[in-house]
**Q** 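Shown below is the structure under consideration.
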2 protein chains.
Amino acid sequence: MNSNNVTIYDVAREAGVSMATVSRVVNGNPNVKPTTRKKVQDAIDRLGYRPNAVARGLASKKTTTVGVIVPDISNIFFADLARGIEDVATMYKYNIILGNSDSNRDKEIHLLNTLLGKQVDGIIFMGGRLHEDLVDEFKKSPVPIVLAATLNQGYDLPAVNIDYEQAAYDATEMLIGHGHKQVGFITGPLEQQINGEKKFAGYRRALEDAGLPFQENDVILGNYTYASGLEAMQKMLERDDCPKAIFAGTDEMALGVIHAIQDAGFSVPNDFEVVGHDNTRLATMIRPKLTTVVQPMYDIGAVAMRLLTKILNAEEVEEKNVVLPHRIERRDSLRND
Amino acid sequence: MNSNNVTIYDVAREAGVSMATVSRVVNGNPNVKPTTRKKVQDAIDRLGYRPNAVARGLASKKTTTVGVIVPDISNIFFADLARGIEDVATMYKYNIILGNSDSNRDKEIHLLNTLLGKQVDGIIFMGGRLHEDLVDEFKKSPVPIVLAATLNQGYDLPAVNIDYEQAAYDATEMLIGHGHKQVGFITGPLEQQINGEKKFAGYRRALEDAGLPFQENDVILGNYTYASGLEAMQKMLERDDCPKAIFAGTDEMALGVIHAIQDAGFSVPNDFEVVGHDNTRLATMIRPKLTTVVQPMYDIGAVAMRLLTKILNAEEVEEKNVVLPHRIERRDSLRND
DNA sequence: CATGCGATATAAAACGTTTCCAATTGGAAA
DNA sequence: TTTCCAATTGGAAACGTTTTATATCGCATG
């Protein structure tokens, strides 16, 4: 009853040809006479033959499978990215093996080696920080690796990102443009380059360009979560000179910020103005709706996968370090101009 | 530089043993003298040998890979489930191939066949509705298939769920217990058995047990999204006899419902009371915080994967149709008793 | 009618493991 | 010493494809 265990050899016998010929028709090789092709196709249908991808992989050294290493798929941000990757993968007949690393170096390395052992044709990596050991492993990889929403930190790995520095600059500048002389910044862990160097730098540059002083305590560390945003803002609110404009490194933290403000009896955007980052679905699931930096997660995933297919097909790749455009989506957490 | 292309044969030569012995060492077979084992292990380290899982899969007919078919990984609900699956899979040394079906029958069937072609050892399936054609394919599958958060609709497939009927009953009953004589129900598509038969039935049974009449227009269809919940509630609010208690089939829809109510100038929970379903992270990201039915997504995924491993290892499985407990998490969208 | 050539088809060798079965080894018992 | 059995090890056949080198076919050409 299992359409299993019927091999290319069975088909060959049934059709009265050699297995090489069956292989050709299965793979759409044109060097087959139409009548032969039909004969074989009929045999295939009759027997319910399904090619064994493992055997194929062994013989051809290609598995049409790519590995995807992600910190945490249950995070809406990465889930979106993964969907972009998978859609494009499907488009190009690839499947993805998905693994969670929790941004943990050892898990990342272990996962990488497992994937390489499974002979994936390529890998897409997401992670906050590129540990040196990991990069060493990357360099030894026999297959191409593409970074998605992950800075390549000077290593010349193909990568797809937005310009985080500029995005943070734009967000901060927009807040400053609303007359604020002080802007709070709720950020993710600074050891991740994306926060510690890019967004942070953009934030400071915007202050500087506006001639505003940088104040250490206007910056509070969070861990991307709602709870951490809430807590950070509560702490901020205790100050007498609490900034009335907040830029949060993540939408989820921004929601926490807004609720902290509202819980304290203030209004957004009348008393406080808030800008988030990412434009996840969350941005519209709050009142007031969140003004946020649009980071096209799905697109980053899709473009990363497309880039990988190009590399795999040895197609021309004009630029290995792709920077996708960002913009700010204005919603109600900012006053009208 | 690639640690690639070194095979078991190279290791055998380097260590001065046969490849059978190397194979034993690699697979932790105890029938190897410790000194030999060490000799081989040294050779492995020296050469940087990494077993080729594809060849192994061909020879052993096991790939230590399972397929996961999910409607949409970018949906927070399924992302959570997937994380549970992956964690347990990792625990048992499996990897997962993840594919999105968009609950589309053709995609589901195509995906299933691709996975079977890749010789996965088993499959975990999630989907709103089990199309008959799909079940036919399931029956032909040479490997076990487990349903997660998906009703098996009378087919005797292993499945992991909660008791949706009872959960809906409990939620509705709780609302009724607060004195409401009328309860609105914002539901997902009714053609999905989980809504159309289970939740809906629980809702009606609760009304009935309380001696309340069922009113057709107290039920509004949504599609799980925030927007659909918002819209549904707006429609509901136009009525003079709008129910003041709402049970939403999904947290995301519940958020929409709450916002629609607030946008209309009413208060939750003072004017309206709302109960959601799933207890996703969203439930605490709203004011008032959402009272909701706890469906343990992560656990469902984890248990489903564990069940699959049991079946794969031919372990004793006491009950193939697992029903996990649910409960209602009380938060502020309900008045205090 | 032999020749030659492109178009098709075949045979057989990889691909890198696992695994069955046979062979060898080592040491305790006789 | 021998003998024997259990513990180790080795040999070689799968596993189901792809792929390369080789053969065959059909037919136009001289």
Side-chain angles (χ1 to χ4, degrees), chain A residues 2-41 43-44 47-65 114 116-121 142-143, chain B residues 2-41 43-44 47-65 114 116-121 142-143:
Chain A
N2 296 350
S3 60
N4 220 25
N5 79 339
V6 19
T7 75
I8 199 173
Y9 186 74
D10 299 322
V11 176
R13 186 149 28 97
E14 174 83 8
V17 301
S18 73
M19 41 189 265
T21 301
V22 178
S23 176
R24 285 198 201 86
V25 346
V26 168
N27 293 294
N29 184 311
N31 297 340
V32 182
K33 203 172 15 169
T35 61
T36 312
R37 177 183 304 282
K38 170 136 183 24
K39 211 166 48 177
V40 171
Q41 192 57 57
I44 288 177
L47 267 37
Y49 167 69
R50 174 192 296 136
N52 180 322
V54 172
R56 195 194 297 235
L58 181 59
S60 69
K61 308 201 155 251
K62 301 213 167 316
T63 55
T64 62
T65 302
T114 307
L116 293 178
K118 295 221 168 173
Q119 312 296 117
V120 294
D121 293 339
V143 301
Chain B
N2 295 348
S3 61
N4 221 24
N5 79 340
V6 20
T7 75
I8 199 172
Y9 187 73
D10 299 322
V11 176
R13 186 150 25 99
E14 174 83 8
V17 301
S18 74
M19 41 190 264
T21 300
V22 177
S23 175
R24 288 196 196 89
V25 171
V26 169
N27 294 294
N29 184 313
N31 297 339
V32 182
K33 207 177 1 174
T35 61
T36 312
R37 179 182 304 282
K38 170 135 183 26
K39 211 167 48 177
V40 172
Q41 192 58 56
I44 288 177
L47 267 38
Y49 168 69
R50 174 192 294 136
N52 180 323
V54 173
R56 193 193 294 231
L58 183 59
S60 69
K61 306 201 158 251
K62 301 215 169 312
T63 55
T64 62
T65 302
T114 307
L116 293 178
K118 295 220 167 170
Q119 312 296 117
V120 294
D121 293 339
V143 302

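Residue numbers start from 1 in every chain, and the chains themselves are labelled A, B, ... in the order their sequence lines are given, proteins ahead of strands.
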**Q** Tell me whether the side-chain N/O atoms of A/Thr36 come closer than 4.0 Å to OP1 or OP2 in C/dA9.
**A**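 Checking C/dA9 against A/Thr36, a side-chain N or O does come within under 4.0 Å of OP1 or OP2.
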
**Q** Could you measure the distance from the OG1 atom of B/Thr21 to the NZ atom of B/Lys33? Nearest 0.5 Å is fine.
**A**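 Reported to 0.5 Å precision, the distance equals 11.0 Å.
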
**Q** To the nearest Å, how far apart are B/Arg50 CZ and C/dT17 C1'?
**A**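 That distance rounds to 16 Å.
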
**Q** Would you compute the distance between atom CG of B/Leu47 and atom CZ of B/Arg13 and round it to the nearest 0.5 angstrom?
**A**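 Reported to 0.5 Å precision, the distance equals 9.0 Å.
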
**Q** Rounded to the nearest angstrom, tell me the gap between atom CG in B/Asn29 and atom P in C/dT18.
**A**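 So the CG-P distance, B/Asn29 to C/dT18, works out to 11 Å.
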
**Q** Would you say a side-chain N or O of B/Ser23 is under 4.0 Å from OP1 or OP2 of C/dT18?
**A**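 Yes, such a contact exists.
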
**Q** Just compare D/dG11, C/dG16, D/dT18 and give me whichever is closest to any side-chain atom of B/Ser18.
**A**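 Nearest listed nucleotide: D/dG11.
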
**Q** Any side-chain N or O of B/Asn27 less than 4.0 Å from the OP1 or OP2 oxygen of C/dT18?
**A**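 B/Asn27 to C/dT18 OP1/OP2: side-chain N or O found under 4.0 Å.
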
**Q** Please pick, from C/dA13, D/dC15, C/dC15, the nucleotide with the shortest atom-to-atom distance to any side-chain atom of A/Leu58.
**A**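 Closest of the options to the side chain of A/Leu58: C/dC15.
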
**Q** Report the nucleotide, chosen from D/dT18, C/dG16, C/dA9, that has the shortest atom-to-atom distance to any side-chain atom of A/Lys61.
**A**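 Given the options D/dT18, C/dG16, C/dA9, the side chain of A/Lys61 is closest to C/dG16.
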
**Q** With a 4.0 Å cut-off on heavy atoms, is A/Val26 in touch with a base, just the backbone sugar-phosphate, or nothing at all?
**A**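 It contacts nothing in the nucleic acid.
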
**Q** Think A/Tyr49 has a side-chain N or O under 4.0 angstrom from the OP1 or OP2 of D/dT17?
**A**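 So the side-chain polar atoms of A/Tyr49 do come within 4.0 Å of the phosphate oxygens OP1 or OP2 of D/dT17, strictly under.
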
**Q** How many whole angstroms separate atom NZ of B/Lys62 from atom P of D/dC15?
**A**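 It works out to 15 Å between those atoms.
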
**Q** Could you state the OH-C1' distance from A/Tyr9 to C/dA12, rounded to the nearest angstrom?
**A**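 About 12 Å, once rounded to whole Å.
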
**Q** Flag the pair B/Thr7 / B/Asn52 as yes when at least one side-chain heavy-atom distance between them is below 4.5 Å, and no otherwise.
**A**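 No, side chains not in contact.
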
**Q** Whole-Å distance between D/dC15 P and A/Asn5 CG?
**A**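 Between P of D/dC15 and CG of A/Asn5: 11 Å.
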
**Q** Nearest to the A/Ile8 side chain among D/dT18, D/dG10, D/dT9, which nucleotide is it?
**A**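 When the side chain of A/Ile8 is considered, D/dT18 is the closest of D/dT18, D/dG10, D/dT9.
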
**Q** Quick one: A/Arg13 CZ to C/dT10 P, roughly how many Å, whole number?
**A**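 After rounding, the reported distance stands at 15 Å.
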
**Q** What's the closest nucleotide to the side chain of B/Ala20 if the choices are D/dT9, D/dA12, D/dT19?
**A**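 Nearest listed nucleotide: D/dA12.
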
**Q** Considering every strand and a 4.0 Å limit on heavy-atom distances, what is the contact class for A/Val32: base, sugar-phosphate, or nothing?
**A**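 Sugar-phosphate contact only.
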
**Q** At less than 3.5 Å, do the side-chain atoms of B/Arg24 and the base atoms of D/dG10 form a donor-acceptor pair?
**A**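 Indeed, a donor on one side and an acceptor on the other fall under 3.5 Å apart.
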
**Q** Reckon B/Val17 touches a base, only the sugar-phosphate, or nothing at all at heavy-atom distances under 4.0 Å?
**A**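 Sugar-phosphate, backbone atoms only, no base.
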
**Q** Of B/Pro30 and A/Ala59, whose nearest nucleotide on DNA chain D comes first from the 5' end?
**A**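 Whichever sits nearer the 5' end wins; that is B/Pro30.
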
**Q** From A/Met19 CE over to A/Asp10 CG, what is the distance, rounded to the nearest 0.5 angstrom?
**A**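 So the gap between those two atoms works out to 11.0 Å.
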
**Q** Report the distance from atom NZ of B/Lys33 to atom P of C/dG26, rounded to the nearest whole Å.
**A**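 One finds 6 Å between P of C/dG26 and NZ of B/Lys33, rounded.
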
**Q** Is a donor from one side chain sitting under 3.5 angstrom from an acceptor on the other, for B/Thr65 and B/Lys118?
**A**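 The criterion, which ignores hydrogens and geometry beyond distance, is not satisfied for B/Lys118 and B/Thr65.
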
**Q** Only one of A/Thr63, A/Ile8, A/Asn27, A/Thr64 forms a side-chain contact (heavy atoms from CB on, under 4.5 Å) with A/Arg56, so which one is it?
**A**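 Going through A/Thr63, A/Ile8, A/Asn27, A/Thr64 one by one, the side-chain contact (heavy atoms from CB on, under 4.5 Å) with A/Arg56 is satisfied by A/Asn27 alone.
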
**Q** Please give, in whole Å, the distance from C/dG16 P to B/Asp10 CG?
**A**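 Those two atoms, CG and P, are 9 Å apart.
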
**Q** Scan every strand shown for a Watson-Crick or G-U wobble partner of C/dA11, both distances under 3.5 Å, and answer none if you come up empty.
**A**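 WC or wobble partner is D/dT20.
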
**Q** Of all the choices, D/dT9, D/dT17, C/dT18, which nucleotide is nearest to the side chain of B/Asn31 once you look at every atom?
**A**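 Looking only at side-chain atoms, B/Asn31 lies closest to D/dT9.
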
**Q** Side chain of A/Thr7 only, please: which of C/dT19, D/dC15, D/dG16 is the nearest?
**A**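 So the nucleotide nearest the side chain must be D/dG16.
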
